[in-house]
Amino acid sequence: MIEYGFWDSWLAVILAAIGTFIWRFAGVVLASQIPPHSPLTAWVNTIAYAMVAGVLMLMLVYPTGILAASGLDDRLLGLVTGVAAMMLSKRIILSLLCGILMFAASLHLF
C-alpha cells in the first residue's frame, strides 16, 4: 500500500476542490439561462431527488458509524413513522421529530 505524504494529501484536496468548484461555477452561470419551468429544470430536480433518495436508502440499508449498531427493523420503523407523519401533517419538522422519536423508542423499548 502506498503512503501519501503531506503534499500529496494537500494536492488531492486542492484538486478535489477545483473539480467541485468548476461544476458549481458552471451551475451558477447556466442557471440564469434556464427557464424555471422548462423540461431541463424538471429533469435536474428529478435527478436531485433521486440522489437524495439513493443516499437515504444507502444509509438505511448499509449504515456506517453508530447507526450500524441499530437493527434494520428499528431504522425502518423510524422511516415509516416519519413518512406517515409527513403524509398526515405536511410539516417537515413534525415528521422528523416523529421519525426520530419512534427510532429512539424502538431502540430502547424493543
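All values below were derived from every heavy atom in this structure, side-chain atoms included, with hydrogens, water molecules and symmetry-related copies excluded.
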*Flag side-chain contact, heavy atom, 4.5 Å: L11 against W7*: no
*Do the side chains of L97 and R91 get nearer than 4.5 Å, heavy atoms only?*
no
*For A85 and S95, work out which heavy atoms get closest and say how close.*
CB-CA, 3.7 Å
*L56 and L79: which non-hydrogen atoms are nearest, and at how many Å?*
CD2-CD1, 4.2 Å
Let me check something: do [X] and [Y] share a hydrophobic cluster, defined by ILVMFWY side-chain heavy atoms less than 4.5 Å apart, either directly or through other members?
X	Y	result
I93	M86	yes
V52	L58	no
M59	V83	no

Closer than 3.5 angstrom, by distance alone: can the side chain of [X] be matched with the main-chain N or O of [Y] as a donor-acceptor pair?
X	Y	value
S106	M102	no
T41	H37	no
T46	A42	yes
R75	S70	yes
S89	L94	no

*asked:* Within a 6.0 Å radius of atom CD1 on I66, are there more than 12 heavy atoms belonging to other residues, nucleotides or ligands?
replied: no
*Could you walk me through whether L40 and W43 pass side-chain contact (heavy atoms from CB on, under 4.5 Å), step by step?*
CA-CA 5 Å; L40 182 60; W43 180 77; 4.1 Å; yes
*Using the side-chain contact (heavy atoms from CB on, under 4.5 Å) rule, take L77 and F103 through it: C-alpha gap first, then chi angles, then the decisive distance, then the call.*
CA-CA 7 Å; L77 188 59; F103 175 68; over 6 Å; no
*In Å and rounded to the nearest 0.5 Å, what is the CG to CG distance from L60 to L72?*
6.0 Å
*Atom CH2 of W10 and atom CG of L15: how far apart are they, to the nearest 0.5 Å?*
13.0 Å
*Check which hydrophobic residues are tied to I100 through side-chain heavy-atom contacts below 4.5 Å, counting indirect links as well, and list them.*
none
*asked:* Could you walk me through whether R24 and V28 satisfy the side-chain contact (heavy atoms from CB on, under 4.5 Å) test, starting with their C-alpha distance in whole Å, then the side-chain angles of each, then the deciding distance to 0.1 Å, before giving a yes or no?
replied: CA-CA 6 Å; R24 288 179 185 227; V28 168; 5.7 Å; no
